[in-house]
Amino acid sequence: MTSHGIDSTTEGIIESGPFQGSFTTPRYPVISPSSAAASRLADQGDDIIVPPAEQQRTQQTSGPVVLAEEPRSTAVEKFELVRKWSLNTYKCTRQILSEKLGRGSKTVDLELESQIEILRDNKKKYENVLKLAQTLSTQLFQMVQTQRQLGDAFADLSLKSLELHEEFGYNADTQKLLAKNGETLLGAMNFFISGVNTLVNKTIEDTLITVKQYETSRIEYDAYRTDLEELNMGPRDAITLPKIEQSQQLFHSHKEKYDKMRNDVSVKLKFLEENKVKVLHNQLVLFHNAIAAYFAGNQKQLKETLKQFHVKLKTPGVDAPSWLEEQ
């Protein structure tokens with residue numbers, strides 16, 4: 001490849017021709033300088049801005065950016081929390097698996113465990129009673145609505161059928177009386193359902209939440225107890241002694257937590273049993289007396305039963321006052 005001389009008007013253009021020479025000694029192209037291109041480069045040199053010497057020294061002496069101490073300490077604390085949580089989760093998971101596989105030991109309070117098992121079994125039975133009572137209340141409500149409509153139909157026919165005026169009138173009064181007594185019984189049943197629902201879904205459920213916390217603390221206690229036992233069975237040297245001391249501290253901490261949760265569960269189970277007997281006694285007496293008075297046709301006894309337990313009936317067709325009316 002060759003190029004023209006300096007006198008050529010073409011600036012920096014390289015012309016290629018047929019290759020001549022051997023492959024071992026390649027010939028490189030020779031670029032001839034151009035006067036026009038050199039002048040343009042000289043003009044562009046005036047546009048270059050050189051920073052002052054002080055600014056250059058300032059840029060050279062600027063050091064690395066140092067992070068603030070507060071964000072760094074916060075990050076360290078978060079990392080430490082995550083590390084402790086991961087270690088605790090690993091130990092508890094290992095303890096659960098070892099118990100299920102029959103390889104690990106488990107701390108059991110036989111008396112407390114039996115009470116918890118009875119509570120869970122009773123909760124299922126109370127939930128079934130609550131479901132059946134709600135079904136009966138729905139069916140009774142539908143029957144009351146049908147009796148009221150049937151009484152209105154008999155009353156209408158008594159006015160239009162002179163020959164059967166008295167017969168239709170008797171039946172209309174009977175159906176209306178049954179509907180009225182049904183509404184009274186419905187109020188007693190709804191009061192019974194409300195009491196059982198509060199007992200099952202609030203009182204018992206609150207106790208079971210404490211039981212779950214107790215079971216979690218028991219697993220943590222057994223996990224750290226097993227960890228300490230394994231360390232005590234190993235050699236004692238300068239490396240293992242600090243680990244054993246730290247494990248003992250964690251073991252005592254989780255033992256205190258376990259003892260506290262066990263005491264809390266015992267207290268809640270005791271109060272729950274007392275509250276359950278008191279609530280269910282009143283609710284069952286109300287339910288029995290209301291059902292008996294309804295099917296006996298004793299309207300007076302039915303009303304007295306609701307008055308005895310301070311059950312207020314909602315007047316049919318009357319809605320509760322709005323917030324604006326109450327104000």
Side-chain angles (χ1 to χ4, degrees), residues 96 99-100 106-146 181-219 257-296 298 301-314 316 320:
I96 293 173
E99 290 178 4
K100 289 185 177 181
K106 177 182 178 181
T107 303
V108 179
D109 188 334
L110 295 178
E111 182 180 359
L112 188 61
E113 291 293 335
S114 61
Q115 294 178 2
I116 293 174
E117 189 65 25
I118 292 174
L119 174 63
R120 286 173 172 163
D121 184 60
N122 287 338
K123 184 175 184 292
K124 294 180 181 179
K125 294 178 180 179
Y126 293 150
E127 286 175 344
N128 185 44
V129 169
L130 180 62
K131 181 180 179 181
L132 293 175
Q134 290 172 341
T135 302
L136 181 60
S137 175
T138 302
Q139 295 173 349
L140 178 62
F141 175 78
Q142 295 174 352
M143 185 181 71
V144 168
Q145 297 298 319
T146 304
N181 292 340
E183 291 174 354
T184 307
L185 176 62
L186 193 61
M189 292 184 62
N190 289 336
F191 187 78
F192 170 79
I193 291 172
S194 176
V196 176
N197 181 66
T198 301
L199 176 66
V200 173
N201 295 322
K202 291 185 179 180
T203 309
I204 296 181
E205 186 64 27
D206 178 70
T207 305
L208 289 177
I209 290 174
T210 307
V211 169
K212 291 180 181 178
Q213 295 174 352
Y214 157 75
E215 292 175 345
T216 302
S217 66
R218 197 275 308 165
I219 294 174
K257 180 181 178 182
Y258 167 71
D259 293 336
K260 179 180 179 301
M261 292 306 305
R262 181 175 58 181
N263 182 62
D264 291 346
V265 171
S266 300
V267 172
K268 281 202 171 185
L269 286 174
K270 181 180 179 180
F271 284 133
L272 174 63
E273 187 66 23
E274 295 176 357
N275 187 33
K276 181 189 69 174
V277 172
K278 181 179 179 181
V279 171
L280 287 182
H281 172 75
N282 294 333
Q283 297 294 338
L284 290 173
V285 171
L286 167 66
F287 189 80
H288 171 268
N289 292 345
I291 292 288
Y294 171 78
F295 284 100
N298 192 340
Q301 182 64 31
L302 185 60
K303 290 182 177 181
E304 289 179 356
T305 300
L306 269 66
K307 185 178 180 180
Q308 178 184 355
F309 291 94
H310 307 286
V311 180
K312 296 182 180 180
L313 296 178
K314 181 180 178 181

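The figures that follow rest on heavy atoms only: side chains count, while hydrogens, waters and symmetry mates do not. Model, not experiment: these values are computed from the prediction.
Screening residues 114-146 for ring pair (Phe, Tyr, Trp, His ring centres under 6.0 Å) gives no qualifying pairs among residues at least two apart or on separate chains. Identified under the ring pair (Phe, Tyr, Trp, His ring centres under 6.0 Å) test for residues 193-213, with sequence neighbours left out: none.
Every side chain to side chain contact (heavy atoms under 4.5 Å, CB included) that I193 has, sequence neighbours left out, goes to L130, A133, Q134, S137, N190. Residues satisfying the ring-ring contact (aromatic ring centres under 6.0 Å, His included) criterion with Y294, sequence neighbours excluded, are absent altogether. Residues satisfying the side chain to side chain contact (heavy atoms under 4.5 Å, CB included) criterion with E274, sequence neighbours excluded, are K270, F271. Checked against salt bridge (charged side-chain N to carboxylate O under 4.0 Å, His left out), E205 has the following partners two or more places apart in sequence or in another chain: K123. Applying the side chain to side chain contact (heavy atoms under 4.5 Å, CB included) rule to E117 yields no partners; only residues at least two apart in sequence or on another chain are considered. Under the salt bridge (charged side-chain N to carboxylate O under 4.0 Å, His left out) criterion, K212 pairs with no residue at all, not counting sequence neighbours. By the side chain to side chain contact (heavy atoms under 4.5 Å, CB included) test, D206 pairs with K268, sequence neighbours left out. Checked against ring-ring contact (aromatic ring centres under 6.0 Å, His included), Y258 has the following partners two or more places apart in sequence or in another chain: Y214, Y221. Qualifying salt bridge (charged side-chain N to carboxylate O under 4.0 Å, His left out) partners for K125, counting only residues two or more places apart in sequence or in other chains: D121. Taking the side chain to side chain donor-acceptor pair (under 3.5 Å) definition, one finds that R218 meets it with E99, D222, sequence neighbours left out.
Atoms CG and NZ, from N197 and K131 in turn, are 14.5 Å apart once rounded to the nearest 0.5 Å. The CG atom of N122 lies 9.0 Å from the CG atom of L272; values are rounded to the nearest 0.5 Å. From Q115, atom CD reaches atom CG of D109 across 8.5 Å, with rounding to the nearest 0.5 Å. Atom CG of N298 sits about 11.0 Å away from atom NZ of K303, to the nearest 0.5 Å. Going from atom CD of Q139 over to atom OG1 of T135 covers 6.5 Å, rounded to the nearest 0.5 Å. With values rounded to the nearest 0.5 angstrom, S194 atom OG is found 13.5 Å from M189 atom CE.
Nearest heavy-atom pair across A188 and L286 is O-CD2, 4.0 Å. Minimum heavy-atom separation, A290 to L302: O-CD1, 3.4 Å. In terms of heavy atoms, Q283 sits closest to G195 at NE2-CA, 3.9 Å.
Side-chain atoms of S114 come within 3.5 Å of backbone N or O of E111 as a donor-acceptor pair.
Within the 4.5 Å cutoff, no side-chain heavy atoms of V200 are placed close to those of V129. For the pair R120 and V211, the minimum side-chain heavy-atom distance is below 4.5 Å. Within the 4.5 Å cutoff, the side chain of K106 has no heavy atoms near those of the I219 side chain.
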Between T184 and T305, is the side-chain contact (heavy atoms from CB on, under 4.5 Å) condition met? List the steps. CA-CA 10 Å; T184 307; T305 300; over 6 Å; no

